[in-house]
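Letters A, B, ... are given to chains in the order of the sequence lines, protein chains preceding strands, and every chain is numbered from 1.
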2 protein chains.
Amino acid sequence: MIYTEKRTEQELRKNGFKITPQRRAVIDAIAGSHEHLTPAAIYNRVRREHPSIGLVTVYRTIEVLAGLGLICETHAGGSCRSYLMRRPSEHHHHLICSDCGKVVDFTNCDLDDLESRLVKETRFKINGHLLEFLGQCLECSKIKGR
Amino acid sequence: MIYTEKRTEQELRKNGFKITPQRRAVIDAIAGSHEHLTPAAIYNRVRREHPSIGLVTVYRTIEVLAGLGLICETHAGGSCRSYLMRRPSEHHHHLICSDCGKVVDFTNCDLDDLESRLVKETRFKINGHLLEFLGQCLECSKIKGR
DNA sequence: AGCCAAATGAAAACGATTTTCAATTAGTAA
DNA sequence: TTACTAATTGAAAATCGTTTTCATTTGGCT
Ligand SMILES: [Mn+2]
Ligand SMILES: [Mn+2]
Ligand SMILES: [Zn+2]
Ligand SMILES: [Zn+2]
């Protein structure tokens, strides 16, 4: 936790961004949760300790962190995105309920063969991938099933 | 193509929805494209043949079709959703260059085993998936490499 | 201590989506 | 066919999330 925050600040500095109290607060909020947080949820958490921060600053900080690949973005149903601190060991993906938004993590994605095939065919250098399954959780399919 | 439209109308009728010229037009627009279309893109296609339709009607029709599972929703970067007629085998994915934005399509994603494992473990009903590889195309890695 | 580009916050602008409401229409029953 | 009615439609307004603008402040450097 502490380590993640430190590493994130280092990375910001290394890329020429300034360390401000507001950015620290946003980083702490995201790193302090193992849940995916929407921009509004991050804003609410940050405001507890830092009531004067603007929602704009949250959006701007998210943009910087995502640009550096320090947080990862998830798209749930509707038009709603959320963010999670990217931790080195935690490569994982999501199974998302389009109805209620429930998110289930999974880790074994087994995309290595596909990746090397794509590298050979396209000569791209591949840095990562985004994989999400969309559907309905058990509860929601029960409700709809009737 | 014709078949898809017919089947979609049947399904609407079966669930007590009325068949209107506007709904026909929206269905034709989505079924007539093998690309993912945003609500606005659907609206533009529909207007060519049906200039008086309202964007609201497009949204409402999308909602109905998605509710019945006849179209599937994709979330691309930012806050942008798009829709594709659900056809038993036609989908594709993207390999995206983070530097210049070039997009390469590919189709064999081979996720069936993973999908059935997830269905078994989570009891989700899975409607679709989003898979994107991110990296650098040959040209951009040359530029950066120097 | 002083400089300056980067960062901030308030407010306005923006684009996408939803709600409201009065008028129209598809499907059905007489 | 005609009449009925609940569903559907479109225009406009409202709402929501996000971005832009701009004047002010501040972190990092000399
Ligand atoms: Mn997760
Ligand atoms: Mn494509
Ligand atoms: Zn659910
Ligand atoms: Zn490129």
Participant: Output yes when at least one side-chain N/O atom of A/Gln22 is less than 4.0 Å from OP1 or OP2 of C/dG9, else no.
Facilitator: yes

Participant: Just N and O in the side chain of A/Thr20: are any of them under 4.0 Å from OP1 or OP2 of C/dA6?
Facilitator: no

Participant: Between P on D/dT18 and CD1 on A/Ile62, what's the gap in Å once rounded to a whole number?
Facilitator: 8 Å

Participant: Given A/Ile42, which partner from the list A/Leu55, A/Ile71, A/Ile62 fulfils the side chain to side chain contact (heavy atoms under 4.5 Å, CB included) test?
Facilitator: A/Ile62

Participant: Is the number of heavy atoms from other residues, nucleotides or ligands under 6.0 Å of A/Glu49 CD greater than 12?
Facilitator: no

Participant: B/Arg24 has an atom CZ; how far is it from atom C1' of D/dT8, in whole Å?
Facilitator: 15 Å

Participant: What's the CZ-P distance between A/Arg13 and C/dA6, to the nearest Å?
Facilitator: 17 Å

Participant: Rounding to an integer number of Å, can you tell me how far B/Leu65 CG sits from D/dT8 P?
Facilitator: 12 Å

Participant: Round to a whole Å and report the spacing from OH of A/Tyr59 to P of D/dT20.
Facilitator: 13 Å

Participant: Does B/Arg23 reach a base, just sugar-phosphate, or nothing at all? Heavy atoms under 4.0 Å.
Facilitator: sugar-phosphate

Participant: To the nearest angstrom, how far is A/Leu12 atom CG from D/dT26 atom C1'?
Facilitator: 16 Å

Participant: To the nearest 0.5 Å, tell me how far A/Ile53 CD1 sits from A/Thr61 OG1.
Facilitator: 6.5 Å

Participant: Is the closest basic N to carboxylate O distance between B/Glu63 and B/Arg60 below 4.0 Å?
Facilitator: no

Participant: Rounded off to whole Å, could you give me the NZ-to-P distance for the A/Lys18 and C/dT8 pair?
Facilitator: 10 Å

Participant: Nearest 0.5 angstrom please: B/Asn108 CG to A/Asp113 CG, how far?
Facilitator: 12.5 Å

Participant: Do the side chains of A/Val56 and A/Tyr43 join up, straight or via other hydrophobic residues, at under 4.5 Å, putting them in one cluster?
Facilitator: no

Participant: Check if the side chain of A/Arg60 and the base of C/dG9 share a donor-acceptor pair of N or O atoms closer than 3.5 Å.
Facilitator: yes

Participant: In terms of relative ring orientation, are A/His36 and A/His94 parallel, tilted or perpendicular, with 30° and 60° separating the classes?
Facilitator: perpendicular

Participant: Kindly state which residues belonging to residues 38-57 of chain A come within less than 4.0 angstrom of DNA chain D, counting heavy atoms of the residue only, listed by number.
Facilitator: A/Pro39, A/Leu55, A/Val56

Participant: Can you tell me how far P of C/dT8 sits from CD of A/Glu63, to the nearest Å?
Facilitator: 12 Å

